Amino acid sequence: MDFSGQSTIQTQNAAFYNTINQFSSLPKRASERKKKKSNMDAIVRGALARVTAKSASFDAAERGDPPKCHPDTRIAVQDSLVAWRSNRAAGPVRLISGWAGTGKTTITQTMAEYWAKRGQLAGSFFFSRSSKERSETDWIRETILHQFLQTFGVDMDAGNIDGCRTWELLLTSLNATISALPSLPQPLVIVIDGLDECLNTNHQATFLRELLRSLGQSGSSIKILISCRPERHLENVFNEFASQLGYSYRIHLGQSAEDNDDIRTFLRASFDRICQDRRNDGAMSLKDGLWPSHHEIERVVDRASGQFVFAATMIRFVDDENEDPVEMLNLVLEHQTSSFEAIDLLYILILERVEMALGKGSKSIERRQLMRNLILHVNNEPSPSLTIADFWFQKEVTVNILVKHLRAVLVRNPSSPGQDSEIVIQFRHKSFHDFFARPSAPHSFSLASMNPVSKFFLSLRAHAREAAGRPCRDDPLPTVFPYEKEARRLHQAYSQDKPTFRGCMCLPRLELARLDVRALQAFKPCRQSNCVANSDLLTLCRMIVTPHSSQSLEEQESTSSPILRFFLWLRAALSPKRHRENMG
C-alpha cells in the first residue's frame with residue numbers, strides 16, 4: 001500500500017489554511033479592502049480547489065457510469081427521502097443502512113441527481129477504498145464547501161472559510177449563508193455515501209461522531225443523507241445520538257418484502273430486454289413463449305435475499321453475447337445452496353465459467369493464471385490494462401480479452417477527472433472484494449488461495465512504492481524490474497504446472513517464514529533441480545526481515561545480483577534512520 005498519500009493530504013490541507021490565514025482580516029480603508037477582497041476571492045478559491053477530492057462528487061468522471069435506481073423500483077424509499085427533505089420538522093439525518101449489495105449507493109446516487117437537478121444539493125461525497133482521495137475523511141469538509149460555492153456562486157470571506165476547520169463551524173457557516181439568501185431552496189442536502197469504505201475505521205467513527213454532534217448546534221438549513229453498512233463501530237456512534245436523530249432516521253435495506261418486489265421488477269424488465277434482443281438475432285434456444293417462467297424468477301428472487309447486486313451481476317452473466325441466455329440462467333439455478341452466500345456462489349460460477357472458456361491447452365493454463373493475477377492486481381490497486389500487462393510480463397491485448405471475459409465483475413472507469421485521465425480496471429462492486437479477500441473463504445479463488453509467487457511480487461511493489469514516496473529522496477527508484485528474470489522463470493514454471501514446481505513446497509514456506517526472523521535464518525531450500533527458493537529469492541527475503549548486515553552497502557552492491565541491489569536500495573529507503581536524516 002502507498003503510505004505516502006496520507007501525509008500528502010495533510011501537507012496540502014496545512015498549506016490551504018496557511019493561505020486562508022493571510023486573508024483573515026481586511027484593511028480599514030474601503031478602497032484597499034475592496035482590492036484585497038478581490039485578490040482574496042481568486043486566491044482562496046484556487047487554494048480550496050487544490051484540497052478538494054474532485055472524484056468524490058456524484059457526477060465525477062472517475063466514477064464512470066454509476067448505478068441508478070431502475071425505473072419502477074425503490075419508489076417508496078425515494079418518496080420518503082423527498083418528503084424528509086421538504087419537512088423541516090423531520091430530523092436532520094437520514095441513514096440508509098444495509099450490507100454490501102443491497103443498493104445503498106444506487107439510491108444515494110439517484111437522490112443526489114434528483115436534488116441536484118432541483119438546486120437542492122449542497123454537496124456530495126462518495127467514499128471508495130480503491131481511490132486515494134476518497135478512502136479517507138481528510139478532504140470531505142473542503143470538498144463539500146467547494147461544491148457548495150461552485151454550485152450556488154455565493155461569496156464567503158476568508159474568515160468564514162478559515163472557520164470551516166471543524167464540522168460545527170462549517171455547518172454553522174453554511175446555515176448562515178443559506179438563511180441570508182432567500183433565493184436558495186431550503187433546506188439543502190449533503191449526501192455522504194459509503195462511509196464504511198474509508199480505510200481507517202477509527203477515522204470513520206471520529207468523523208461520524210463530530211458530524212452528528214455538530215448537527216444539533218448548527219441550524220436547520222442543512223440536512224444530511226448518509227449510507228453505510230451496519231458495522232458495529234458505526235452503529236455504536238449512531239446509538240449515542242439516537243435521541244437526537246429520532247426513531248425514524250434509519251432506512252433498512254434488504255429486509256422487507258418491498259426489496260423483493262423491486263428485485264422482481266428489475267429482473268422481469270431485464271429478462272424481457274434480453275429475450276427481445278436475442279430472439280431478434282436468432283441467438284436464443286427458446287424461440288417463443290414466456291422466458292423465464294414465473295417459478296424461475298421467484299427462485300432468483302429467493303437466491304438474491306434482498307441483494308440487488310446479486311440480481312444485477314446475474315443479469316450481466318446471463319447476457320453474455322457469446323452464450324445462450326437460457327443455458328446461462330440454467331447454470332445459475334442448478335447451483336445448489338451451501339455454506340456460501342448466494343452472491344459468493346454466483347461469483348464462483350462466473351469465474352469457473354471463464355476458466356472453462358479459456359480451454360485446457362498450455363496457453364490456456366497460462367491465461368488462467370493471468371486471470372487470477374489480474375484479480376489479485378485489481379484488488380491491490382485499480383490500474384490501466386497496459387500497467388497490468390507489463391507487470392505480469394504479458395501483452396496488453398491478452399489482459400483486455402480477459403477483462404471482456406470478466407465483464408460481470410470488472411469494469412473500466414476513468415482514474416481521475418479530466419479528458420486526459422487513464423482508464424483503469426476495477427471491481428464492479430465491493431461485494432466482489434469481500435468475496436475475494438475474506439480470510440476464511442475456502443474457495444479456490446480467494447486471496448488465501450492465490451499463487452504465492454504472485455502475492456510475493458505484488459508485496460515487493462508495495463514496498464518499493466512506499467520507499468519512493470519518502471521525502472527528500474536523492475537516489476531514484478531503479479527504472480527496470482531487477483527481478484524480472486527470476487519472476488519470468490517462476491511464473492513460467494507455475495503456469496506450465498511443471499511437476500518439479502508443483503511438488504516444491506519452498507515458496508509457500510518461504511512466504512510464511514518471511515515474517516519470522518528465526519524461521520528465515522533456519523530456512524533452507526529443498527534439493528530439487530528447479531526449486532523455486534533460489535539463492536537470490538531467499539537472500540532478499542532475509543533482507544526484508546533482517547535489515548542489518550556485516551557488509552557495507554557499497555561492498556554488497558559491488559558483488560550482488562541486480563535483484564539484491566534492488567533490495568539494498570529498498571532497505572536503505574525504508575530505513576528509519578535514513579528517514580530521520582532526510583527529514584532533518
Side-chain angles (χ1 to χ4, degrees), residues 5-20 43-64 66 105 108-109 111-113 115-116 120-156 158 160-175 177-178 188-200 203-204 206-208 210-212 214-215 218 222-228 414-418 421:
Q6 186 67 16
S7 59
T8 301
I9 292 175
Q10 293 171 347
T11 301
Q12 290 177 312
N13 275 345
F16 166 64
Y17 285 110
N18 285 338
T19 301
I20 296 297
I43 294 175
V44 167
R45 286 176 182 268
L48 180 61
R50 287 192 290 275
V51 292
T52 295
K54 297 179 178 61
S55 64
S57 172
F58 78 95
D59 57 354
E62 185 190 27
R63 299 183 57 236
T105 299
T108 54
Q109 176 70 31
M111 296 311 302
E113 293 184 10
W115 285 321
Q120 299 166 351
L121 185 71
S124 59
F125 197 100
F126 284 72
F127 282 94
S128 172
R129 74 183 69 180
S130 62
S131 169
K132 182 186 298 182
E133 65 180 13
R134 292 195 285 141
S135 60
E136 272 298 343
T137 59
D138 296 86
W139 281 356
I140 185 168
R141 286 192 305 273
E142 291 76 14
T143 298
I144 296 298
L145 175 59
H146 181 261
Q147 292 177 12
F148 174 75
L149 296 177
Q150 290 290 101
T151 300
F152 297 102
V154 299
D155 290 328
M156 293 178 67
N160 284 338
I161 293 178
D162 184 43
C164 296
R165 295 173 187 257
T166 68
W167 273 104
E168 180 180 350
L169 293 171
L170 172 62
L171 294 176
T172 300
S173 183
L174 288 178
N175 270 288
T177 302
I178 295 169
L188 296 179
V189 183
I190 295 173
V191 174
I192 299 173
D193 175 76
L195 177 56
D196 54 278
E197 286 281 289
C198 173
L199 293 177
N200 190 310
H203 291 180
Q204 294 176 23
T206 300
F207 158 78
L208 183 60
E210 182 187 348
L211 176 64
L212 297 181
S214 304
L215 279 170
S218 57
I222 289 288
K223 291 193 173 189
I224 298 183
L225 175 64
I226 304 174
S227 79
C228 62
S415 60
S416 60
S421 65

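Keep in mind the model is a prediction, meaning the values are calculated, not measured.
Judged purely by atom type and a 3.5 angstrom limit, Thr151 has no side-chain atom pairing as donor or acceptor with the backbone of Phe148. No side-chain donor-acceptor contact under 3.5 Å links Ser173 to the backbone of Leu169. The closest donor-acceptor contact from the side chain of Ser128 to the backbone of Arg134 lies at 3.5 Å or more, if one exists at all. In this structure a side-chain-to-backbone donor-acceptor pair under 3.5 Å is missing from Gln147 to Ala122. Under the 3.5 Å distance criterion, the side-chain polar atoms of Ser135 are left unmatched by any main-chain donor or acceptor of Arg129.
With rounding to the nearest 0.5 Å, the separation of CG in Leu225 from OG1 in Thr108 is 6.5 Å. To the nearest 0.5 Å, atoms OG (Ser57) and CZ (Phe126) are separated by 8.0 Å. Put simply, NZ on Lys54 and CD on Glu133 are 7.5 Å apart, with the number rounded to the nearest 0.5 Å. Atom CD1 of Ile190 is separated from atom CG of Leu170 by 6.5 Å, given to the nearest 0.5 angstrom. The distance from the CZ atom of Arg141 to the OG1 atom of Thr52 is 12.5 Å, given to the nearest 0.5 Å. Atom CZ of Phe207 sits about 4.0 Å away from atom CD1 of Ile140, to the nearest 0.5 Å.
Side-chain contact between Leu208 and Gln204 is absent, with no heavy-atom pair separated by less than 4.5 Å. Proximity of Thr177 to Phe152: side-chain heavy atoms (C-beta onward) are nowhere separated by under 4.5 Å. Looking only at side-chain heavy atoms (C-beta outward), Ile224 and Leu212 stay at 4.5 Å or farther from each other.
Between Ala112 and Leu121, the closest heavy-atom pair is O-CD2, 3.7 Å. Closest of all the heavy-atom pairs between Ser124 and Ile144 is N-CD1, 3.6 Å. Nearest heavy atoms, Cys228 versus Asp196: CA-OD1, 3.2 Å. Listed here is the closest heavy atom pair of Ser227 and Asp193: OG-OD1, 2.5 Å.
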Evaluate Arg63 against Thr105 for side-chain contact (heavy atoms from CB on, under 4.5 Å), listing each step before the verdict. CA-CA 12 Å; Arg63 299 183 57 236; Thr105 299; 4.0 Å; yes

Could you go through the side-chain contact (heavy atoms from CB on, under 4.5 Å) check for Thr137 and Phe127 one step at a time? CA-CA 9 Å; Thr137 59; Phe127 282 94; 4.0 Å; yes

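A donor and an acceptor atom, one from each side chain of Thr166 and Glu210, are nowhere located under 3.5 Å apart.
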